[in-house]
Amino acid sequence: MKNMGLTRLALVAPEDFPSEEASARAAGADDVLAQAQVCATLDEAIADCHLVIGASARERRIRLADARAG
């Protein structure tokens, strides 16, 4: 995230934050992590946004045919 010039991180209902794992994964972006906004809902996190990019560490298994069907 920081490599691409992004600095505003919003976390929606994280299971464990702050955490040692998050700090380890931040790898040089501790400042971004320290300023992260923790929100209860997605609506709260994106209320004032014009562009939203989402990411998840959860593994997903979606068949291509299902994804195209919508």
Side-chain angles (χ1 to χ4, degrees):
M1 186 177 150
K2 188 171 181 174
N3 289 343
M4 303 204 187
L6 304 173
T7 58
R8 186 172 168 214
L9 174 63
L11 303 173
V12 179
E15 290 181 15
D16 183 23
F17 182 80
S19 72
E20 288 182 25
E21 182 179 1
S23 295
R25 290 178 180 242
D30 292 331
D31 56 327
V32 174
L33 190 60
Q35 296 174 29
Q37 177 186 7
V38 177
C39 304
T41 66
L42 180 59
D43 287 337
E44 178 186 344
I46 65 172
D48 62 345
C49 295
H50 299 284
L51 173 67
V52 177
I53 300 170
S56 173
R58 297 181 200 161
E59 185 175 333
R60 302 281 190 226
R61 295 183 187 263
I62 300 173
R63 292 184 348 194
L64 184 57
D66 293 340
R68 287 185 180 157

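- Distance check, rounded to the nearest 0.5 Å: CE of Met4 to CD1 of Ile53 gives 9.0 Å.
- Under the 4.5 Å side-chain heavy-atom criterion for ILVMFWY residues, no single connected hydrophobic cluster contains both Leu42 and Leu9.
- Residue Ser23 comes nearest to Asp30 through the heavy atom pair O-OD1, 3.7 Å, listed as atom of the first residue, atom of the second, then distance.
- A pairwise comparison of heavy atoms in Val32 and Met1 identifies CG1-CE, 3.9 Å as the closest pair.
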Margin query: Walk me through whether Leu33 and Arg25 qualify under side chain to side chain contact (heavy atoms under 4.5 Å, CB included).
Written below: CA-CA 10 Å; Leu33 190 60; Arg25 290 178 180 242; over 6 Å; no
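- For the side-chain contact (heavy atoms from CB on, under 4.5 Å) test with Ile46, the passing option among Leu51, Val12, Thr41, Val52 is Val52; the others fail.
- The two residues Lys2 and Gly28 make their nearest non-hydrogen contact at NZ-O, 3.6 Å.
- For Ala45 against Arg8, the heavy-atom pair with the smallest separation is O-NH2, 4.2 Å.
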